[in-house]
Each structure stands twice: as structure tokens, then as C-alpha cells.
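So the structure is just underneath, and the comments pick up after that.
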Amino acid sequence: MGLKAIGRDAIFIVPPSCLTVVQGLYPIASSQMPVLNVTFASTAAAATGVLAAMRRLKKPTQVVAWAGDGGTADIGLQALSAAIERVEDFIYICYDNEAYMNTGVQRSSTTPKGVLTNNTVQGKVEQKKDLPAIVAAHNPAYVATCSASFPLDFHDKLLKAKQIKGFKYIHIHTPVLRLGVEDRMAIAVGRQSVESGLVRSL
Ligand SMILES: Cc1ncc(C[n+]2csc(CCOP(=O)(O)OP(=O)(O)O)c2C)c(N)n1
Ligand SMILES: [Mg+2]
């Protein structure tokens, strides 16, 4: 849905995550789009560099950083904060599956309180970091929260972000397997998270 909204003239910046696995290996990336794989800490800085190169080449190519919750809320937060403060003109998407999934379900700072992961076996003690609020405190051009359980809403928010100049941030709640929750329940859990008010979709 994201690729459909973004269109063909785009470059993606992706740190280590499940998304790296989905996209596959060069030159046969499943996204069929240019993707730059970067280190965790450098996602927003790398996007800034690609954006500067595109500006220099006078190309309107859309630069999109797309990272997980660990890559955004934890390891990539400094570079993200700096890019927003510099008013870089790219879209940053964080898909929040609420854990370090690619390495086998370990807690991140966006894992909600009480959730079971492989290193919070009695349930996480600390509360979920409110990343969209942290980003909003930087006062960027656009901040949106949405859920993978409402894909058309995500699509429309991306279309809107594309029209806006400046820094755009979209946070997608993407609940998948947790210990104790079956895969087939993921979409229902996502829907109920929004409808109960546990997760914002604004
Ligand atoms: C500096 C560094 N530390 C640790 C890793 C190992 N690693 C690869 S993917 C990953 C989890 C990423 O979690 P998240 O950003 O939430 O994405 P998800 O896997 O959930 O899609 C980790 C810890 C790494 N690649 N680089
Ligand atoms: Mg994750």
C-alpha cells in the first residue's frame, strides 16, 4: 500500500529490520525500487545525504526512510531528531511492530507495558515510548499515526505527506506475532488497538 501511494520515482533508505528481509537482495529486490540499506543509527542522516544528491542532480525523486520501531525509537532517534530540526524534505515512516522482531522478538522502547517478549518473559515492566509525541514536539510539517489494520488510511496519509514540503513523519502501528498472540489475530489486534483508543490513528 505504501509503495502504491509513493509511486515509482522514489528511493528508500532502510536500516536492519524485517523490511530488509522482505525486500531481498540486490539486484532482484522485491520492491523493484532503489533501496539503500544503511546502519541503524544513520537512517535519517543517510536520507539527508540522498536528498542532497537528488537536489544537486535537480531530480524530484521522493526520498523515503522506512524503519522499524527499534531502528527509530531506540538506535536511530538521534539522527531522526537532527533531520527534523534541519527541516529535511523527506518522508520518514516507522512501522511499529512493538519489538525487535527480526532478531527473534526482543523488547524495544515501544513495546507496551505488560507485553511478553523473549527478554520480558514476565511481561515488560516499563511503559511504551510515545514516539509520535516526541516527533510532534519537534514541530515538523506533518505527523500522522495510523495502523496496518486500516491500510487505506495509511495510503491516504502518505498521499497527503507527498504534497507537503518539509519533514513528514508517519507512524504505523503494525502488531504481529508476540508471545501469546497468534499470527492470524494480528489484523484483529490492530483494529481493536485503534478502536479501544490504546493506539492513536490521527
Ligand atoms: C548496530 C546493530 N545492532 C544490532 C543489530 C541486529 N539487528 C538486526 S535487525 C534488529 C531488530 C530491529 O528491530 P526493529 O527496528 O523494530 O525492526 P523489526 O525487526 O521489528 O522489523 C537488530 C537488533 C544490527 N544489525 N546492528
Ligand atoms: Mg520492530
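Along the sequence shown, the residues carry numbers beginning at 1. Only heavy atoms go into these numbers, but all of them, side chains included; no hydrogens, no water, no symmetry mates. Both ligands and their constituent atoms are indexed starting at 1 by order of listing. Predicted model, so just to flag it, every value in this text is computed and none were measured.
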Quiz item: Is it the side chain, the backbone, both or neither of N102 that has a heavy atom closer than 4.0 Å to ligand 1?
Solution: both

Could you list which atoms of ligand 1 come closer than 4.0 Å to a heavy atom of [X]?
| X | result |
| --- | --- |
| A99 | 16 (O), 20 (O) |
| G70 | 14 (P), 15 (O), 16 (O) |
| C18 | 18 (P), 19 (O), 21 (O) |
| Y95 | 17 (O), 18 (P), 21 (O) |
| T103 | 6 (C), 7 (N), 8 (C), 10 (C), 11 (C), 22 (C), 23 (C) |

Quiz item: Are any non-hydrogen side-chain atoms of V194 and R200 less than 4.5 angstrom apart?
Solution: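 In short, these two side chains do not touch, never coming nearer than 4.5 Å.
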
Quiz item: Mind checking whether V50 and F12 have side chains closer than 4.5 Å, heavy atoms only?
Solution: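 No. Closest side-chain heavy atoms not under 4.5 Å.
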
Quiz item: Quick one: nearest non-hydrogen protein atom to atom 8 (C) of ligand 1, plus distance?
Solution: P16 CB, 3.8 Å

Quiz item: So which protein heavy atom does atom 23 (C) of ligand 1 come closest to, and at what separation?
Solution: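 The closest one turns out to be Y100 CD2, 3.5 Å.
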
May I ask you to check whether [X] has an N/O atom sitting below 3.5 Å from an N/O atom of ligand 1?
| X | answer |
| --- | --- |
| G71 | yes |
| S17 | no |
| F40 | no |

Quiz item: Name the one of T145, D69, D96 that satisfies side-chain hydrogen bond (donor to acceptor under 3.5 Å, both in side chains) with H171?
Solution: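 That would be D96.
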
Self-check item: Heteroatom N/O/S of A99 within less than 2.8 Å of the Mg ion (ligand 2)
Solution: yes

Quiz item: Within N97, is some N, O or S atom less than 2.8 Å away from the Mg ion (ligand 2)?
Solution: yes

Self-check item: Pair D156-K160, salt bridge (charged side-chain N to carboxylate O under 4.0 Å, His left out): steps then yes or no
Solution: CA-CA 6 Å; D156 290 350; K160 186 169 179 185; over 6 Å; no

Quiz item: Can V199 and K128 be said to form a side-chain contact (heavy atoms from CB on, under 4.5 Å), step by step?
Solution: CA-CA 11 Å; V199 162; K128 182 181 174 82; 5.6 Å; no

Practice problem: Test T174 against N97 for side-chain hydrogen bond (donor to acceptor under 3.5 Å, both in side chains), laying out the working first. | Solution: CA-CA 5 Å; T174 314; N97 54 21; over 6 Å; no

Exercise. Quick one: do I75 and T39 satisfy side-chain contact (heavy atoms from CB on, under 4.5 Å)? Show the steps, please.
Key: CA-CA 10 Å; I75 317 175; T39 60; over 6 Å; no

Quiz item: Is the gap between the ring centers of Y169 and Y142 under 6.0 Å?
Solution: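 So the answer is no for these two rings.
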
Exercise. Please work out which of the three classes, parallel, tilted or perpendicular, describes the rings of F40 and Y100, given edges at 30° and 60°.
Key: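 Aromatic pair Y100/F40 classed perpendicular.
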
Quiz prompt | Atom nearest to the Mg ion (ligand 2) - D69, N, O or S atoms considered | solution = OD1

